[in-house]
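Here is the structure we will look at.
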There are 2 protein chains.
Amino acid sequence: MPVKHIPDIVVGRLPQYLRSLQRMALEGRQVTSSQELGERLGISAAQIRKDLSQFGGFGKQGTGYDISFLIRQLRTILNIDHDWDVAVVGAGGIGSAVARYHGFTDRGFNVRLIFDSDPEKVGTQVGEHTVQDYAQMAEIIEQAGVHIAMIAVPSADAQDVADKLVKAGVKAILNYAPISLNVPPGVYVQYIDPSIHLQRMTYYLSR
Amino acid sequence: MPVKHIPDIVVGRLPQYLRSLQRMALEGRQVTSSQELGERLGISAAQIRKDLSQFGGFGKQGTGYDISFLIRQLRTILNIDHDWDVAVVGAGGIGSAVARYHGFTDRGFNVRLIFDSDPEKVGTQVGEHTVQDYAQMAEIIEQAGVHIAMIAVPSADAQDVADKLVKAGVKAILNYAPISLNVPPGVYVQYIDPSIHLQRMTYYLSR
DNA sequence: TAGATTGTTAATCGATTAACAATC
DNA sequence: TAGATTGTTAATCGATTAACAATC
């Protein structure tokens, strides 16, 4: 497989392809085409073919793509052919909801740990998990070999949490706090901030 | 103000500028520069100047940008100089967390309504809100003149909810269900799917 | 075979960056 | 004034699309 430099914007589309394909598989479908996939996602067929062909020829001329084969290929490319353990930091509303959420399981992730610094919360149950003390976080995460974490703490604490996570060996952070994080090279951060998405839409709305 | 066609990618950066500026204001800062803003966000100074200048000359040569002035301008551009009422559909983990979240208030949004179809949940309290019956949703939303909604229901129900919302006059949907929605032109959808963000990072991780 | 759809190239389109005159 | 930083232009860079030969 010719591993060139894949543009980040292409990498960002692969999970979308995967999600649609998994949905099709769930619907009992066997085969799809770049055109059909494109219609579902609002992406041009040419773009989907070009993106996929960067990683190899996964389709058949005249036929299209075998859905379960393509799912397997994408899972391998995205490094989710085996599940990742995930830690959640913050057992407030968002952190608890995310820790209880069952939608990660078939997408390559398993929440294993949840931490909070509030003594009232430490020891309580969130879904299947027991909230552990933030003071022990670094040690526990390092010991468990967890490399992915979600931050769901107040903005004021988010950078400190990120620093601790990085020291503990975390390489990927999904940040629910509405603030930009500084991390060293080799550590990846993604952001979820609903207000940003809403503001992106209100631009187009009139009153 | 010369209103050209602004590329969507530019519109998508404006909320990020606004968020950083609001944070700077909170820190007591008065003035900033395209360079400083760029460093905080990982965006080039030239790009920030170019983006902002699409809407007018907001800065002063030699000085930079007045933070609170630029905040006001951006809020006007993004249509959040007045708050928007928001409805939440689904009072499960995510829906409840979002409805209780206080972080929307100073970003231009107020959650006013929350709905669920589960009779066990209807009538219960979620933060300051009473869960209302999904069966009355369309009527209540239309009556209240709410134009923005968040969908936090199982994937299987999300499209039906979206259809009902559109009929009730909703123009902007933030969808937490991991599925693509079909909506008519003039209705905007944004997606929040943590798995997609995580997969985007695992591509770069090795085991 | 005939029809369909891929993989890939070349052309187009759009976004980012570099550079600098204007000016506070 | 001298130093700093904007707004804007032109050049570069990269991404998307159109088109079609290859082929299932």
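All figures in this text were calculated on a predicted structure; none of them were measured in a lab. Each chain gets a letter, A, B and so on, in the order its sequence line appears, and its residues count up from 1.
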Can you tell whether the side chains of A/Asp66 and A/Lys60 come within less than 4.0 Å, N to carboxylate O? no

Interatomic distance, A/Gln54 CD vs C/dT6 P [rounded to whole Å]: 16 Å

Could you check B/Gln47 against A/Ala45 and say which one's nearest nucleotide on DNA chain C is further toward the 5' end? A/Ala45

Calculate the interatomic distance between A/Phe55 atom CZ and C/dG7 atom P; express it in whole Å. 13 Å

Have B/Gln199 and A/Arg19 got a donor and an acceptor in their side chains that come within less than 3.5 Å? no

Just checking, any donor-acceptor pair under 3.5 angstrom between side chains of A/Asp51 and A/Gln47? no

What's the separation between atom CG in A/Asp106 and atom OG in B/Ser195, rounded to the nearest 0.5 Å? 8.0 Å

How close or far is atom C1' of C/dA15 from atom CD1 of B/Ile6, stated in whole angstroms? 14 Å

Within this structure, what is the CG-to-C1' distance between B/Leu37 and D/dT6, rounded to whole angstrom? 14 Å

Tell me whether A/Arg200 is salt-bridged to B/Asp8, with the criterion being a basic N under 4.0 Å from an acidic carboxylate O. yes

Determine, for A/Arg23 against A/Glu36, whether the closest basic-nitrogen to carboxylate-oxygen distance falls under 4.0 angstrom. no

Could you tell me whether B/Arg75 and B/Asp81 have a side-chain N and a carboxylate O separated by less than 4.0 Å? no

Close N or O pairs between protein and nucleotides 2-5 of chain D (under 3.5 Å):
| unit_1 | atom_1 | unit_2 | atom_2 | d |
| --- | --- | --- | --- | --- |
| D/dT5 | O4' | B/Gly62 | N | 3.0 |
| D/dT5 | O2 | B/Gly62 | N | 3.1 |

Among C/dG7, D/dT16, C/dT16, which is the nearest nucleotide to the side chain of B/Ile9? C/dT16

Reckon B/Leu52 touches a base, only the sugar-phosphate, or nothing at all at heavy-atom distances under 4.0 Å? nothing

Based on the rotation axes of five pairs at each end, what angle does the helix from C/dG3-D/dC24 to C/dC24-D/dG3 bend through, to 10°? 20°

For D/dT16, does OP1 or OP2 lie under 4.0 Å from any side-chain N or O of A/Ser44? no

To the nearest angstrom, how far is B/Phe58 atom CZ from C/dC24 atom P? 17 Å

Would you call B/Glu139-B/Lys167 a salt bridge at under 4.0 Å N-O? no

Could you check whether A/Tyr204 and B/Tyr188 have their ring centres less than 6.0 Å apart? yes

Nearest-angstrom distance from the residue atom CG of B/Asp8 to P of C/dT16: 12 Å

For A/Asp83 and A/Asn110, test the side chains for any donor-to-acceptor distance below 3.5 angstrom and give the result as yes or no. yes

All N/O contacts under 3.5 Å from nucleotides 9-14 of chain D to the protein, with atom names and distances to one decimal?
none

Indicate whether any N or O donor in one side chain lies under 3.5 Å from an N or O acceptor in the other, for B/Arg49 and B/Ser34. yes

